[in-house]
Enquirer: 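Can you read through this structure? Questions will come right after.
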Amino acid sequence: MESLDDAGVYQLTDELAIIQTVDFFTPVVDDPYMFGQIAAANSLSDVYTMGGEPITAMNIVCFPIKTMDVAILQDILRGGIDKMVEAGVTLIGGHSIDDSELKYGLSVTGTVHPEKLVTNSGAEAGDRIILTKPLGTGIISTALKNGKVDDQTVARFTECMATLNSTPARLMLAEGVHACTDVTGFGLLGHIRQLAENSKVSLRINPALIPLLPRVEELARQGLCPGGVGRNRDFYSAYVTIDSNVPAHIQDILYDPQTSGGLIIVLAAARAKQLIARLHQEGVGEAVIIGEVIGQPAGTVIVG
Ligand code: CO
Ligand code: CO
């Protein structure tokens with residue numbers, strides 16, 4: 001737990017370790033079926049980041065049974081199960097409680113060969129950094145709550161969050177990944193900083209290369225940022241140097257907490273272009289190299 005890795009790992013034998021993770025949250029979209037898919041995709045992601053294969057899952061449900069139509073819960077669970085089927089995961093149980101605020105997620109168990117475990121501590125100087133999904137889910141979510149986004153933007157953001165990280169995880173293993181994590185609540189810079197700290201290297205990212213969801217720049221410029229942006233900045237900015245040319249709204253986007261974000265994949269420069277080509281071939285169309293690992297000072301991030 002000390003290394004802030006994505007999930008817990010327990011070695012059972014020389015050939016087998018289990019990866020365990022749990023995640024649940026309140027709805028980020030109005031459509032209960034899509035919310036179920038997003039919560040499941042998000043919960044499964046931490047197993048993928050560690051190079052594991054998710055095997056089983058248990059539902060975690062908090063539901064206001066006296067005040068909300070049970071059909072909503074059925075739609076959420078159907079969304080979750082559909083994602084589990086897509087991931088080849090078996091639902092083996094769960095637990096639900098009556099709660100005034102709806103929440104849903106999964107506890108997931110995966111397996112990995114102990115020698116093939118991927119962590120956030122293996123980045124080496126000279127490596128390239130790949131990001132597999134566009135940023136901006138926290139900002140769009142805030143705009144959605146304020147009635148400031150169109151249906152098309154909501155559809156694109158929903159589909160992005162519901163997409164499993166299984167394809168990039170499979171391809172990164174084949175290409176020789178050095179380190180991986182996913183972008184969630186701490187924002188891109190928070191998770192990049194954790195990678196820099198654990199790998200004892202410095203990471204440089206070019207903000208001009210980072211893919212964004214539609215309308216995110218415009219919404220960020222209007223100040224439609226979730227509270228997490230400020231909290232992430234307070235927590236991580238001491239380790240991050242941002243070039244003065246990077247506009248304030250772009251800095252906000254880099255600290256935006258993501259729901260079911262993409263993978264940050266670190267691998268040798270010579271393999272990075274090949275991995276991008278394979279990702280694009282297999283439908284991960286927005287995956288792009290966003291920066292590189294430089295040696296020192298360890299634990300720092302440079303933006304610009
Ligand atoms: Co994670
Ligand atoms: Co997590």
Side-chain angles (χ1 to χ4, degrees), residues 1-10 17-26 28 37-55 57-58 60 80 83-84 87 89 103-112 116-123 129-138 141 160-173 177-199 203 205 226 228 231-232 235-236 254-267 284 287 290 301:
M1 284 176 68
E2 276 170 23
S3 68
L4 291 172
D5 236 317
D6 292 287
V9 182
Y10 189 82
I18 53 169
I19 301 175
Q20 292 183 289
T21 179
V22 57
D23 230 322
F24 62 106
F25 47 69
T26 55
V28 285
Q37 288 196 32
I38 292 164
N42 180 76
S43 300
L44 290 160
S45 180
D46 281 331
V47 176
Y48 291 127
T49 67
M50 303 199 76
E53 186 183 344
I55 302 291
M58 314 256 285
I60 296 160
K83 263 307 135 181
M84 288 180 243
V89 166
K103 302 174 196 80
Y104 174 64
L106 302 179
S107 164
V108 182
T109 300
T111 57
V112 67
K116 301 222 169 108
L117 184 69
V118 180
T119 67
N120 61 12
S121 58
I129 306 160
I130 289 173
L131 178 65
T132 67
K133 281 187 191 180
L135 296 183
T137 69
S141 183
C160 179
M161 293 187 292
T163 302
L164 287 175
N165 282 329
S166 53
T167 301
R170 174 170 49 81
L171 296 177
M172 77 179 183
L173 291 171
V177 58
H178 288 171
C180 179
T181 190
D182 53 359
V183 189
T184 52
F186 299 121
L188 180 72
L189 289 179
H191 292 281
I192 291 260
R193 147 68 185 164
Q194 289 174 3
L195 230 152
E197 183 182 25
N198 287 327
S199 297
L203 278 74
I205 61 167
R231 285 193 294 276
N232 287 340
F235 206 73
Y236 291 106
L254 300 179
Y255 281 116
D256 184 38
Q258 303 297 284
T259 297
S260 193
L263 299 186
I264 299 167
I265 300 170
V266 179
L267 79 173
V284 189
I290 60 163
V301 180

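Indexing begins at 1, ligand by ligand and atom by atom, following the structure's order.
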Enquirer: If you look at D182, which of its N/O/S atoms is nearest to the Co ion (ligand 1)?
Expert: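 This residue's closest N, O or S atom turns out to be OD1.
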Enquirer: Atom CG in L106, atom CG in D46: separation rounded to 0.5 Å?
Expert: 11.5 Å
Enquirer: Counting only heavy atoms not in E53, do more than 12 fall under 6.0 Å of its CD?
Expert: no
Enquirer: Could you grab the distance from atom CD1 of I192 to atom CZ of F186, nearest 0.5 Å is fine?
Expert: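 Here the interatomic distance stands at 14.5 Å.
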Enquirer: Of all N, O or S atoms in D6, which has the smallest distance to the Co ion (ligand 1)?
Expert: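 The nearest such atom is OD1.
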Enquirer: Please find the N/O/S atom of D46 nearest to the Co ion (ligand 1) and write down its name.
Expert: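 The D46 atom nearest to the Co ion (ligand 1), restricting to N, O or S, is OD1.
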Enquirer: Give, for atom CG of L267 and atom NE2 of H178, the distance between the pair rounded to the nearest 0.5 Å.
Expert: 7.0 Å
